[in-house]
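Written below as structure tokens is the structure these notes are about.
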Amino acid sequence: TSATSAVVLLLLPCCMYSACWQINKYAFSGGGATLEEHRANGANLDVDVPWKYLNFFMEDDSKLANIGREYGAGRMLTGEVKAELVALLTDIVGRHQKARAQVTEDIVDAFMAVRPMHSALKR
């Protein structure tokens with residue numbers, strides 16, 4: 001696994017900017033080579049990396065379906081899809097970091113404590 005091919009949940013705000021820049025610069029797109037080609041043929045969603053990430057992370061199925069329809073038809077551009085992904089990942093990382101900051105040693109100890117298994121799980 002490469003550090004540039006993962007979503008790291010512990011990124012500092014300054015590093016999140018870098019991660020977003022990398023998505024915009026390097027994430028393989030299924031869009032057309034030119035604007036005219038993209039508008040005429042739409043995006044190839046089978047090979048588009050930002051689209052694949054959106055499928056994994058986006059919880060709003062109707063919004064995801066709309067993006068797929070618009071992007072696949074060429075009415076939405078690659079930059080717009082990447083912007084959706086950047087906004088989504090920024091939100092996810094921010095929420096994760098906020099929740100993680102609230103975890104105390106007592107919570108970790110309680111989570112890691114040895115405790116009896118539920119009787120339904122015993123054989």
Side-chain angles (χ1 to χ4, degrees):
T1 301
S2 168
T4 60
S5 67
V7 177
V8 181
L9 295 174
L10 302 177
L11 288 175
L12 298 171
C14 62
C15 298
M16 192 63 201
Y17 172 80
S18 174
C20 296
W21 179 83
Q22 288 181 2
I23 288 169
N24 283 316
K25 177 126 175 108
Y26 297 113
F28 184 78
S29 153
T34 65
L35 178 60
E36 294 78 22
E37 182 182 321
H38 179 76
R39 293 284 192 208
N41 303 322
N44 180 350
L45 302 181
D46 292 331
V47 299
D48 192 274
V49 173
W51 170 249
K52 299 288 186 189
Y53 271 112
L54 284 174
N55 273 272
F56 187 78
F57 288 109
M58 186 169 275
E59 295 178 4
D60 186 339
D61 291 337
S62 63
K63 184 174 182 179
L64 181 65
N66 185 57
I67 291 170
R69 242 185 338 273
E70 295 298 303
Y71 190 39
R75 292 185 295 269
M76 189 173 200
L77 300 176
T78 298
E80 295 171 293
V81 173
K82 288 180 178 183
E84 287 282 347
L85 176 60
V86 164
L88 181 63
L89 292 179
T90 300
D91 178 60
I92 289 170
V93 169
R95 285 186 291 133
H96 173 78
Q97 289 176 344
K98 184 177 178 182
R100 188 173 187 266
Q102 296 174 354
V103 175
T104 64
E105 285 298 319
D106 290 339
I107 292 171
V108 173
D109 290 344
F111 181 80
M112 299 300 289
V114 176
R115 51 195 175 273
M117 291 178 64
H118 188 277
S119 61
L121 297 176
K122 292 181 183 175
R123 288 191 173 239

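Given the structure is predicted, the values throughout are model-derived calculations rather than measurements.
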Which atom pairs, donor and acceptor, lie under 3.5 Å between side-chain atoms of residues 69-76 and protein residues at least two apart or in another chain?
from	atom 1	to	atom 2	distance (Å)
Arg69	NH2	Asn66	OD1	3.4
Glu70	OE1	Arg75	NE	3.0
Glu70	OE2	Arg75	NE	3.3
Glu70	OE2	Arg75	NH2	3.2
Tyr71	OH	Asp48	OD2	2.6
Tyr71	OH	Thr78	OG1	3.0

_Residues forming a side chain to side chain contact (heavy atoms under 4.5 Å, CB included) with Lys63, sequence neighbours excluded_ = Met58, Asp60, Ile67, Glu84
_Cluster check Leu89, Val49: I/L/V/M/F/W/Y, side chain < 4.5 angstrom_ = yes
*Rounded to the nearest 0.5 Å, what separation is found between the CG atom of Asn55 and the CG atom of Leu45?*
8.5 Å
*Straight-line distance of Leu88 CG to Phe57 CZ, nearest 0.5 Å*: 8.0 Å
*Spacing of CG belonging to Leu64 relative to CH2 belonging to Trp51, to within rounding of 0.5 Å*: 4.0 Å
*Go through Asp109 and Thr104 one step at a time and tell me if the side-chain contact (heavy atoms from CB on, under 4.5 Å) criterion holds.*
CA-CA 9 Å; Asp109 290 344; Thr104 64; over 6 Å; no
*Using atom types as modelled and distance alone, determine if a side-chain donor or acceptor of Gln97 lies under 3.5 Å from a backbone N or O of Gly94.*
no
_Qualifying residues under side chain to side chain contact (heavy atoms under 4.5 Å, CB included), relative to Asn41, sequence neighbours excluded_ = Glu37
_Does any part of the side chain of Thr34, heavy atoms only, come nearer than 4.5 Å to the side chain of His38, both counted from C-beta?_
no
_Exercise: identify the closest heavy-atom pair between Arg115 and Ala110_ = NH1-O, 3.4 Å
*List, by chain and then residue number, the residues other than Ile107 in its hydrophobic cluster (Ile/Leu/Val/Met/Phe/Trp/Tyr, side-chain heavy atoms under 4.5 Å); write none if there are no others.*
Val103, Val108, Phe111, Met112
